[in-house]
Amino acid sequence: GAGINAVTRSGTNNLEGSIYSFFKSNKIQGVNPVTNANFNDYSEYTLGARLGGAIKKDKLFYFANIEMGNNTTPSTYNAGDSLQKLSAAEAQKIKDFFQNTYNYNTGSYESVNLVTQNIKLFGKLDYIISPRHKITLRHNFVKASNDILLRDGSNFTFENSGYQIQNLQNITVLELKSNFTNSLSNNLIL
């Protein structure tokens with residue numbers, strides 16, 4: 001386990017907001033330095049928006065952020081690839097054996113699109129009680145999924161051996177910061 005302490009944006013007396021987006025794909029990237037070939041098709045995008053301001057000038061502030069992301073990447077070390085020891089013909093024989101003997105479909109031995117998706121929501125209220133005391137209430141929500149298919153130059157798995165990691169977080173924190181003197185302060189976090 002670990003603890004991460006991050007400083008987040010807060011609202012101000014001015015109403016501020018923005019919408020942002022990031023996009024990346026193999027079409028805007030160079031060649032793979034190992035194979036000297038173009039990277040496989042992949043895409044990654046992020047779309048988000050933020051808004052902050054004051055509910056009561058110089059006293060009570062709000063901030064909210066939403067962000068969505070999607071990353072699609074093809075699997076690597078597929079049967080028949082130059083870096084994979086298992087040929088496509090051998091993989092097909094194994095696939096046929098399981099289908100004919102056990103009526104089990106192993107899934108693909110070729111490239112499979114692996115998807116990572118997430119949505120993140122963040123909300124924060126800051127209340128300045130006095131020049132020495134401030135209370136903050138923040139909430140963070142994350143829902144994400146990540147497809148996993150373990151293949152490398154020495155090991156091979158069919159598509160149905162893959163799995164998905166799912167993550168759901170709902171975290172609320174109440175924090176009181178107090179500066180009693182120049183050398184004495186307290187931070188209470190619930």
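- At least one side-chain heavy atom of Ile94 sits less than 4.5 Å from a side-chain heavy atom of Phe158.
- The aromatic ring centres of Tyr127 and His133 sit 6.0 Å or more apart.
- Atom OH of Tyr104 has more than 12 heavy atoms from other residues, nucleotides or ligands within 6.0 Å.
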If you apply the rule side-chain contact (heavy atoms from CB on, under 4.5 Å), what do you find for Thr106 with Gln99, and how did you get there?
CA-CA 8 Å; Thr106 61; Gln99 183 66 51; over 6 Å; no
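- Annotation: Lys59, atom NZ; neighbour count of heavy atoms from other residues, nucleotides and ligands within 6.0 Å is above 12.
- A continuous path of hydrophobic side-chain contacts links Phe97 to Phe156 [ILVMFWY only; heavy atoms under 4.5 Å].
- Remark: side-chain polar atoms of Ser108 are not paired, donor with acceptor, to backbone N or O of Glu159 under 3.5 angstrom.
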*asked:* The test is side-chain contact (heavy atoms from CB on, under 4.5 Å); show your working for Glu44 and Phe22 and say whether it passes.
replied: CA-CA 8 Å; Glu44 182 177 344; Phe22 307 100; over 6 Å; no
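- Counting non-hydrogen atoms of neighbouring residues, nucleotides and ligands closer than 6.0 angstrom, the OH atom of Tyr102 reaches no more than 12 such neighbours.
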Practice problem: List the steps, then state whether side-chain contact (heavy atoms from CB on, under 4.5 Å) holds for Gln84 with Thr76. | Solution: CA-CA 9 Å; Gln84 177 56 258; Thr76 55; over 6 Å; no
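- Between atom OG1 of residue Thr12 and atom NZ of residue Lys57 there is a gap of 11.0 Å, rounded to the nearest 0.5 Å.
- Here the side chain of Asn167 pairs no donor or acceptor atom with the backbone of Ala144 at under 3.5 angstrom.
- Across every non-hydrogen atom of Leu47 and Ser21, the tightest pair is CD1-CB, 4.0 Å.
- Using a 4.5 Å heavy-atom cutoff, the side chains of Ile148 and Ile165 are in contact.
- A donor-acceptor pair shorter than 3.5 Å can be found between the side chains of Thr72 and Asn70.
- Looking at heavy atoms from C-beta onward, Arg50 lies out of side-chain contact with Glu67 at the 4.5 angstrom threshold.
- Counting heavy atoms from C-beta outward, Asn13 and Phe61 have side chains that approach closer than 4.5 Å.
- Linking ILVMFWY side-chain heavy atoms closer than 4.5 Å, directly or via other members, places Ile171 and Leu176 in two distinct hydrophobic clusters.
- With hydrophobic clusters built from ILVMFWY side chains whose heavy atoms lie under 4.5 angstrom apart, Val173 does not share a cluster with Tyr62.
- Between Ile135 and Ile129, some side-chain heavy-atom pair lies under the 4.5 Å cut-off.
- Side-chain contact between Ile128 and Asp58 is absent, with no heavy-atom pair separated by less than 4.5 Å.
- Remark: side-chain polar atoms of Arg132 are not paired, donor with acceptor, to backbone N or O of Ser178 under 3.5 angstrom.
- At least one side-chain heavy atom of Asp126 sits less than 4.5 Å from a side-chain heavy atom of Lys134.
- Between the side chains of Thr73 and Asn71, at least one donor-acceptor pair of N or O atoms lies under 3.5 Å.
- Between the side chain of Glu90 and the main chain of Ser87, a donor-acceptor pair closer than 3.5 Å is present.
- From Ser82, atom OG reaches atom OH of Tyr77 across 9.0 Å, with rounding to the nearest 0.5 Å.
- The number of heavy atoms from other shown groups lying within 6.0 Å of CD1 (Ile19) does not exceed 12.
- We find the CG-CG distance between Leu174 and Leu137 to be 6.0 Å, quoted to the nearest 0.5 Å.
- Atom CG in Asp147 sits 11.0 Å away from atom OG in Ser75 (nearest 0.5 Å).
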(Q) Applying side-chain hydrogen bond (donor to acceptor under 3.5 Å, both in side chains) to Lys124 and Ser10, what does each step give before you reach the verdict? (A) CA-CA 7 Å; Lys124 181 178 182 184; Ser10 296; 2.8 Å; yes
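- With rounding to the nearest 0.5 angstrom, the OG atom of Ser154 is 12.0 Å from the CG atom of Leu86.
- Distance alone, capped at 3.5 Å, places no donor-acceptor pair between the Thr136 side chain and the Glu175 backbone.
- Residues Ser25 and Tyr45 fail the side-chain proximity criterion, which asks for heavy atoms closer than 4.5 Å.
- Note that NZ of Lys143 and CG of Leu121 are 11.5 Å apart. Values are rounded to the nearest 0.5 Å.
- Side-chain atoms of Lys95 come within 3.5 Å of backbone N or O of Gly107 as a donor-acceptor pair.
- Taking hydrophobic clusters as Ile, Leu, Val, Met, Phe, Trp and Tyr residues chained together by side-chain heavy-atom distances below 4.5 Å, Phe141 shares a cluster with Met68.
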